[in-house]
Amino acid sequence: KAKDAGRDVIKFFDNSIQQEIAQRHVIESALRRAESLNQFVLYYQPQTDANGRLVGTEALIRWFKEDNKMVSPGEFIPVAEQSGLIEMIGSWVINAACLQIVAWEAAGIPPEIKVAVNVSAHQFGHVNFVSELLMSLSITGADPSRLKIELTESAILQDIEVAKEKILRLKAAGIRFSLDDFGTGYSSLSYLKQLPVDQLKIDQSFVRDITEDESDAAIVQAILAICVSLDIEAIAEGVETEEQLQFLLKHGCRRFQGYFFGKPMPACELEELFFTDLKQKIIS
Ligand code: C2E
Ligand code: MG
Ligand code: MG
Ligand code: MG
């Protein structure tokens, strides 16, 4: 009996693993055609100061399939990473962001409004990452100082020395760096000290329960204190409520991103947001 039950369990796992593999294959082959079918779009989420004034934006990829159904990056980026398709997607993202930077410069959006782009560990680890990025900037004519790269700790930990060298080369060209999802990885202070990053993004998992969960509150306060002592800008992600904002403000956070201020939106909407906001500022 026990043996039978054991076999059933194994069979159950087999089936679900098989299903998962099949599911991956479906996503992977659809993903392979997505670029040529123009199914990728970059959305932009506002980053603000405490008054909700736009200070930057994060580019977040969206994939609209044939049926116009949107697949979230949380679903397809991991598949892309595992299948090697991330190189193609990553290049598309960088190129699209560069073109947007050029368009926004022409539209009169000031250079202080940086465009942050997510770069996966695999993409950043590629030997040609630096040269290809610089190439995209020069081909599109995008101003490197308007670009910010968001890296996760996993991208850096593969080889800190190499990562540091790449970051320094790109910083020399004027590109800024932000450490994404901070607090969820190693968050080792010794490597943080060595890394020439400009910004730390406090992961939304700590922000979510910041007003109820004492340990989350303590972690966020600790991260904010580290930022002060290392002279790195802090930005909180996933800010959804006034209460979260007040807590963060009270502990010295000055940059925010989250649904409270705005969801990721098409480029034209972000542009509109900037100019209506600006108009109100001029009138008042
Ligand atoms: P991330 O870089 O940490 O981006 C933040 C995610 O939080 C985004 O999800 C954003 O829509 C979501 N978010 C923003 N504000 C709030 C909020 O107030 N509440 C909640 N619950 N969520 C909020 P999204 O767009 O689904 O992206 C998920 C992840 O996929 C990103 O996490 C990033 O790791 C990855 N990703 C997105 N675009 C790209 C890309 O172009 N390239 C690469 N390599 N990865 C990307
Ligand atoms: Mg990010
Ligand atoms: Mg993040
Ligand atoms: Mg995140």
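These values consider heavy atoms only, across backbone and side chains, with no hydrogens, waters or symmetry-generated copies. Atoms within each ligand, like the ligands themselves, are counted from 1 in listed order.
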- Message: Donor-acceptor check, side chain of Arg176 to backbone of Gly174, threshold 3.5 angstrom: yes or no?
- Response: yes
- Query: Considering only heavy atoms of Gln45, which atoms of ligand 1 have at least one such atom less than 4.0 Å away?
  - Reply: 14 (C), 15 (N)
- Message: Is Pro264 close enough to touch ligand 1? Criterion: a residue heavy atom under 4.0 Å from a ligand atom.
- Response: yes
- Task: Check each atom of ligand 1 against the heavy atoms of Gly258 and keep those under 4.0 Å away; list them by number with element.
- Result: 15 (N), 18 (O)
- Item | Sub-3.5 Å N/O-N/O distance, Gln257 and ligand 1 | no
- Contact atoms of ligand 1, heavy-atom distance to Ser120 under 4.0 Å: 44 (N)
- Kindly say whether Arg53 contributes a backbone atom to a donor-acceptor pair with the side chain of Asp49 at under 3.5 angstrom? yes
- Cation-pi between Lys166 and Phe129: NZ/CZ under 6.0 Å from ring centre and within 45° of the ring axis? no
- Message: I need the Glu240 CD to Tyr259 OH distance, nearest 0.5 Å.
- Response: 7.0 Å
- Message: Ser72 versus ligand 1: do any nitrogen or oxygen atoms come within less than 3.5 Å of each other?
- Response: no
- Nearest 0.5 Å, what's the CG-SG distance between Leu147 and Cys98? 6.0 Å
- Task: Flag Ile61 as yes when one of its N or O atoms lies below 3.5 Å from any N or O atom of ligand 1, and as no otherwise.
- Result: yes
- Query: Quick one: does Glu150's side chain have a donor or acceptor within less than 3.5 Å of a partner on Leu179's backbone?
  - Reply: no
Report all side-chain donor-acceptor pairs from residues 130-139 shorter than 3.5 Å, counting only partners two or more places apart or in another chain.
| unit_1 | atom_1 | unit_2 | atom_2 | d |
| --- | --- | --- | --- | --- |
| Ser131 | OG | Asn128 | O | 3.1 |
| Ser136 | OG | Glu132 | O | 3.2 |
| Ser138 | OG | Met135 | O | 3.4 |

- Task: For the Mg ion (ligand 2), check which protein N, O or S atoms are under 2.8 Å away and list them.
- Result: Glu58 OE2, Asn118 OD1, Glu150 OE1, Asp180 OD2
- Query: Can you tell me how far the CD1 atom of Ile101 sits from the CZ atom of Arg146, to the nearest 0.5 Å?
  - Reply: 8.0 Å
- What atoms of ligand 1 come within less than 4.0 Å of a heavy atom belonging to Glu240? 17 (C), 18 (O), 19 (N), 20 (C), 21 (N)
- Output yes when Lys171 and Asp198 qualify as a salt bridge under the 4.0 Å nitrogen-oxygen rule, no when they do not. yes
- Task: Output the list of atoms in ligand 1 that are nearer than 4.0 Å to some heavy atom of Glu58, sorted by atom number.
- Result: 2 (O), 4 (O)
- Message: Count I, L, V, M, F, W, Y as connected when their side-chain heavy atoms are under 4.5 Å apart, and connections chain through other members. Are Ile61 and Met265 then in the same cluster?
- Response: yes
